[in-house]
Structures are given as structure tokens and as C-alpha cells.
Amino acid sequence: YPTPSANDSDSRQLVSGYRRACHRVAAVPVRYYERNLKSQSFVMNHHGLGEHGAKALSKSLSRQASIENVVLRDNAIRGKGAAHLAATLLDNRTLKELDLSNNDLRSHGLASFSKVLENSSSLSKLTLEGNHFLDMDSARLCEALKVGKLLPPPLRAHASRRRTTP
């Protein structure tokens, strides 16, 4: 599938950079991303990115300074993939919505995103359901939200929890 803006030099550079990043981490490039890379809203659910795909994606997202919505539900990103995405989004000042539901982030992934939440001045919607967090992770999330002063409505932080005791 050719990218819709194949004549746009910026788009070609983003696609090329994304493909190189995929090659370096042995991830299969996702054509959907290539076709939608210039959008302010990036929604890519159920594509099975995994940790390596999240790493490649994060390298490309770092070049998109004006992205406002990132929705990556059910992509098996896990903790390592979350760390790569968090490092990319740490300096983003335009991100308003982040949905990483059902990615098996666990405690490690939440720890990575806590830094993003502490530093974000624009995030207003957060969805993290179905990530197998522990009860103690709720305290970490609340502290990050408090430090970052991210309590404007309608901030939503959904977290499926697992008991810390057997």
C-alpha cells in the first residue's frame, strides 16, 4: 500500500525512519501506521505490536511533536515496550489522550509511565485498564497524578488490579 502522501518529503522520511527502526529491532512494519503517520490522533488497536514493535513505533513517534491522542489498545506492549513509549512521550507537550489498555504493562510499565504523568501538562484522559497492576501500583499512579497536578476533569485512570497477596 502506498502512503497517501507519498510526495510529501516529511512523510517519506517518517516512513523510512519507521521502517529502519523496525528492521533494527526485527519487527514487522505496520502499514496502518505508515498510512496514518501524519495524523494528530494515532489509533492503532489490536495490531500485535509487542515489545519490539513498540520500540520501533516510539522512535517514529518521537518525530511527531504535535500528536494529541495515542490509542494503542491490546497490542501486547508489556513493560519493556511501555518503557520505550514512555521515553518518547516524556517530552511531549501536546498529548491529551493516552490509552494503553490491555497491554500487560504490569508494574514495570506503570513505573515508566509514572514519569510521563509527573511531567505532562496537557494529558486529560488516561486509560490503563486490563494491565495486571498490583494494588501497590495504584499508590504509584496516584502519586504521579498528584505530582503532575493532572486532576482536571475528565481525567480517567482505569486500572485493573491484582491482589498483592496470594
Side-chain angles (χ1 to χ4, degrees), residues 1-133 137 140-141 144 148 150 157:
Y1 301 94
T3 57
S5 50
N7 295 328
D8 181 357
S9 176
D10 289 340
S11 293
R12 284 192 308 248
Q13 286 178 342
L14 284 171
V15 168
S16 177
Y18 171 63
R19 287 181 182 170
R20 280 193 308 274
C22 286
H23 180 72
R24 279 194 297 273
V25 298
V28 176
V30 178
R31 297 277 186 186
Y32 175 84
Y33 173 71
E34 293 178 2
R35 289 191 306 264
N36 295 285
L37 58 92
K38 297 287 278 188
S39 175
Q40 288 182 326
S41 292
F42 183 70
V43 179
M44 193 163 80
N45 300 325
H46 319 294
H47 278 79
L49 291 174
E51 295 171 350
H52 297 297
K55 182 177 182 178
L57 180 66
S58 67
K59 290 181 183 298
S60 185
L61 285 175
S62 69
R63 296 182 183 141
Q64 293 177 273
S66 63
I67 196 156
E68 294 181 1
N69 303 310
V70 175
V71 182
L72 296 169
R73 298 178 67 100
D74 190 30
N75 276 292
I77 291 170
R78 298 189 180 85
K80 287 183 182 179
H84 293 296
L85 287 170
T88 295
L89 297 174
L90 192 58
D91 296 325
N92 185 293
R93 299 289 176 237
T94 59
L95 186 64
K96 295 178 182 175
E97 177 183 346
L98 178 62
D99 185 345
L100 296 173
S101 298
N102 302 311
N103 277 294
D104 198 26
L105 300 181
R106 301 188 184 259
S107 299
H108 176 68
L110 183 62
S112 298
F113 273 100
S114 292
K115 295 173 188 128
V116 173
L117 298 174
E118 289 172 5
N119 292 308
S120 179
S121 59
S122 58
L123 190 66
S124 62
K125 183 178 179 184
L126 172 67
T127 310
L128 296 171
E129 62 190 319
N131 279 297
H132 308 287
F133 298 138
D137 295 329
R140 177 181 282 158
L141 179 61
L150 288 178

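The CD atom of E97 sits 6.5 Å away from atom OG1 of T127, with the distance rounded to the nearest 0.5 Å. The structure places NE2 of H46 at 8.0 Å from CG of N102, a figure rounded to the nearest 0.5 Å. Atoms NE2 and CZ, from H23 and R20 in turn, are 11.0 Å apart once rounded to the nearest 0.5 Å. To the nearest 0.5 angstrom, L117 atom CG is 6.5 Å from L141 atom CG. Summarising the geometry, atom CG belonging to L49 is positioned 3.5 Å from atom CE belonging to M44; distances are rounded to the nearest 0.5 Å.
Proximity of a side-chain donor or acceptor of S58 to a complementary backbone N or O of K55 within less than 3.5 Å is detected. At distances below 3.5 Å, at least one donor-acceptor pair connects side-chain atoms of N131 with backbone N or O atoms of N103. No donor-acceptor pair under 3.5 Å is formed between the side chain of D99 and the backbone N or O of L72. Listed for the S122 side chain is no donor-acceptor partner under 3.5 Å among the backbone atoms of K96. Between the side chain of N45 and the backbone N or O of R73, at least one donor-acceptor pair lies under 3.5 Å.
The only option from N75, V71, L128 that meets the side-chain contact (heavy atoms from CB on, under 4.5 Å) definition with L100 turns out to be L128.
Taking all atoms of both residues into account, the shortest heavy-atom contact from A82 to I77 is N-CG2, 3.3 Å. The two atoms that bring L85 and L61 nearest to each other are CD2-CD1, 4.1 Å, heavy atoms only. For A86 against S112, the heavy-atom pair with the smallest separation is CB-O, 3.4 Å. Of all heavy-atom pairs spanning S120 and R93, the tightest one is CA-NH1, 4.4 Å. In terms of heavy atoms, S114 sits closest to A144 at O-CB, 3.6 Å.
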Exercise. Does the pair Q40 and N69 meet the rule for a side-chain contact (heavy atoms from CB on, under 4.5 Å), with working shown?
Worked result: CA-CA 7 Å; Q40 288 182 326; N69 303 310; over 6 Å; no
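For the salt bridge (Lys or Arg N to Asp or Glu O under 4.0 Å) test, no residue two or more places apart in sequence or in another chain qualifies with K80. A111 is linked by a side chain to side chain contact (heavy atoms under 4.5 Å, CB included) to R140, counting only residues two or more places apart in sequence or in another chain.
Between L95 and L123, the closest side-chain pair of non-hydrogen atoms falls below 4.5 Å.
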